[in-house]
Number of protein chains: 2
Amino acid sequence: MNIGQAAAKTGLPAKTIRYYEEIALITPHRAENGYRSFCDTDLHKLTFLARARALGFSIENCRMLLALYQDEGRASADVKQVAQDHLSQIDAKIADLKAMRDTLAHLVNACAGDHRPDCPILNGLSALAGAPAK
Amino acid sequence: MNIGQAAAKTGLPAKTIRYYEEIALITPHRAENGYRSFCDTDLHKLTFLARARALGFSIENCRMLLALYQDEGRASADVKQVAQDHLSQIDAKIADLKAMRDTLAHLVNACAGDHRPDCPILNGLSALAGAPAK
DNA sequence: CCTTGACCTTCCTGTAACTGGAAGCATTAT
DNA sequence: ATAATGCTTCCAGTTACAGGAAGGTCAAGG
């Protein structure tokens, strides 16, 4: 199977698949004409990668997960550790974004958004005087 | 005032300040010895930038906001537009992350995390069979 | 006067994970 | 035969800096 079909089946852009080969996440064989030839195992790996990436795992984490996936003697604790760490990072990022969101939402709500130059958003940015709680 | 003091006062790394000059967000004067010399206006701009960046605005949005900030004849509607768009993007990102988080949390919870190789996380990644609700 | 250390300068490289595009074979369709 | 895809490699660009090398400047101490 050529890269175009592999892309269609996995939902990954061909460019991305080439990149994954370049960084050795997958190693498809080559046909005589030089084209990459993807077998079922390659497709499974690509699907696995697509899903792991969709859950926000970094490439390096994906590499680890893929290695664990292929290691019959793995301990699920190792997998869980990677996932748990990532989950914590997601939670941290969500918390950060929520804080941003709240501050920004206050500023936006306070802004009239009309033709006049007076603007609480700019005022807030030039000196976050809002309500420095605590 | 030299870059070190400007960095200390604004909380921005000197590297970042040089970068902001390079991309023309600020244009501090130079002393005779070639050192950058920051005036109060420069410091205000840097503080403004630091806060806007902390709220997640991109550099290009910061550039626009800074221009509006310095434009006495601005309409607050223009500022609000930029902020509102950014707010929407933050909300979208939060929603994405929450979806990720929920999926991942389910997988993590289902995983025993012991010495055995059986792992719902890997199973989930190889074929998200969880509960594809509707 | 000289040296040491802190501070400043520019320039180059690297980051994450791709995306876009150019130049050039291979294959397929007309 | 030719034109349209599809494949190949390689190079550049993206975001917002961070790290580090090589070297000029300045204040303090001996």
Side-chain angles (χ1 to χ4, degrees), chain A residues 1-39 42 45-46 48-66 82 85-86 89-90 93 96-97 100, chain B residues 1-39 42 45-46 48-66 82 85-86 89-90 93 96-97 100:
Chain A
M1 174 178 301
N2 287 346
I3 199 169
Q5 282 130 57
K9 288 222 177 188
T10 62
L12 291 170
K15 278 272 189 189
T16 298
I17 296 177
R18 290 197 192 95
Y19 175 66
Y20 287 172
E21 184 194 23
E22 187 186 327
I23 62 175
L25 282 178
I26 52 168
T27 49
H29 290 126
R30 296 294 179 127
E32 295 196 352
N33 57 12
Y35 288 16
R36 289 170 184 81
S37 182
F38 296 84
C39 65
D42 294 324
K45 286 189 191 178
L46 287 173
F48 183 97
L49 288 168
R51 285 175 178 156
R53 292 288 301 135
L55 288 182
F57 285 102
S58 70
I59 290 285
E60 286 317 306
N61 274 353
C62 286
R63 193 188 300 279
M64 285 194 278
L65 291 172
L66 201 50
V82 173
D85 288 355
H86 179 49
Q89 287 185 26
I90 290 179
K93 192 169 258 177
D96 281 0
L97 284 173
M100 272 186 199
Chain B
M1 176 176 302
N2 286 347
I3 200 170
Q5 281 129 57
K9 287 219 178 193
T10 61
L12 291 170
K15 279 274 188 187
T16 298
I17 296 176
R18 290 196 192 94
Y19 175 66
Y20 287 172
E21 185 194 23
E22 187 187 327
I23 63 175
L25 282 179
I26 53 169
T27 49
H29 290 126
R30 295 294 179 127
E32 297 196 350
N33 57 13
Y35 287 16
R36 289 170 183 82
S37 182
F38 297 84
C39 66
D42 293 324
K45 286 189 190 176
L46 287 174
F48 184 97
L49 289 169
R51 286 176 177 153
R53 292 288 298 135
L55 288 182
F57 285 103
S58 71
I59 290 287
E60 285 318 306
N61 274 353
C62 286
R63 194 187 299 280
M64 284 194 279
L65 291 172
L66 201 51
V82 173
D85 288 355
H86 179 48
Q89 287 185 25
I90 290 178
K93 191 168 259 177
D96 281 0
L97 284 173
M100 272 186 200

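In this view, A:Asn33 satisfies the side-chain hydrogen bond (donor to acceptor under 3.5 Å, both in side chains) rule with no residue, not counting sequence neighbours. Partners of B:Tyr35 according to the ring-ring contact (aromatic ring centres under 6.0 Å, His included) rule, which considers only residues two or more places apart in sequence or in another chain, do not exist here. For B:Asp85, the side-chain hydrogen bond (donor to acceptor under 3.5 Å, both in side chains) partners are B:Gln81, not counting sequence neighbours. B:Arg63 pairs by the side-chain hydrogen bond (donor to acceptor under 3.5 Å, both in side chains) definition with B:Glu60, not counting sequence neighbours. In terms of the side-chain contact (heavy atoms from CB on, under 4.5 Å) criterion, residue partners of B:Asn61 (sequence neighbours excluded) are, by chain and number, B:Phe57, B:Ser58, B:Met64, B:Val82. B:Phe48 pairs by the ring-ring contact (aromatic ring centres under 6.0 Å, His included) definition with B:Tyr69, not counting sequence neighbours.
Annotation: side chain to side chain donor-acceptor pair (under 3.5 Å) contacts involving residues 21-31 of chain B, sequence neighbours excluded, comprise B:Glu21-B:Arg30, B:Glu21-B:Arg36.
Using a 4.0 Å cut-off, no side-chain N or O of A:Arg53 falls inside it from OP1 or OP2 of C:dA16.
The residue A:Tyr20 sits close only to the backbone: its heavy atoms come under 4.0 Å of sugar-phosphate atoms, none of a base.
Distance A:Glu22 CD to C:dC18 P: 12 Å, rounded to the nearest Å. Here the C1' atom of nucleotide C:dA16 and the NE2 atom of A:His86 are 14 Å apart, to the nearest Å. Rounded to whole Å, atom P of C:dT15 lies 14 Å from atom CD1 of A:Ile59.
Nearest to the side-chain atoms of A:Tyr19 among the listed nucleotides C:dA17, C:dT19, C:dA26 stands C:dA17.
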Would you give me the side-chain donor-acceptor pairs under 3.5 Å for residues 4-20 of chain B, sequence neighbours excluded?
unit_1, atom_1, unit_2, atom_2, d
B:Thr10, OG1, B:Ala6, O, 2.8
B:Thr10, OG1, B:Leu12, N, 3.2

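Bracketed by its first and final contacts, the part of DNA chain D lying under 4.0 Å from non-hydrogen atoms of chain B reaches from D:dA16 to D:dC26 in 5' to 3' order.
With a 4.5 Å cut-off on side-chain heavy atoms, A:Lys45 and A:Leu66 count as touching. Annotation: side chain of B:His86 is in contact with side chain of B:Ile90 (closest heavy-atom distance under 4.5 Å).
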Let's test your reading of the pairing rules: Watson-Crick or G-U wobble, both distances under 3.5 Å, then write DNA chain C as a dot-bracket string with ( ), [ ], | and dots. ||||||||||||||||||||||||||||||
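Of all heavy-atom pairs between A:Cys62 and A:Arg53, the closest is SG-CD, 3.7 Å.
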Any protein N or O atoms within reach of nucleotides 2-8 of chain C? Criterion: under 3.5 Å, listing atom names and distances.
unit_1, atom_1, unit_2, atom_2, d
C:dC8, OP1, B:Gly4, N, 2.7

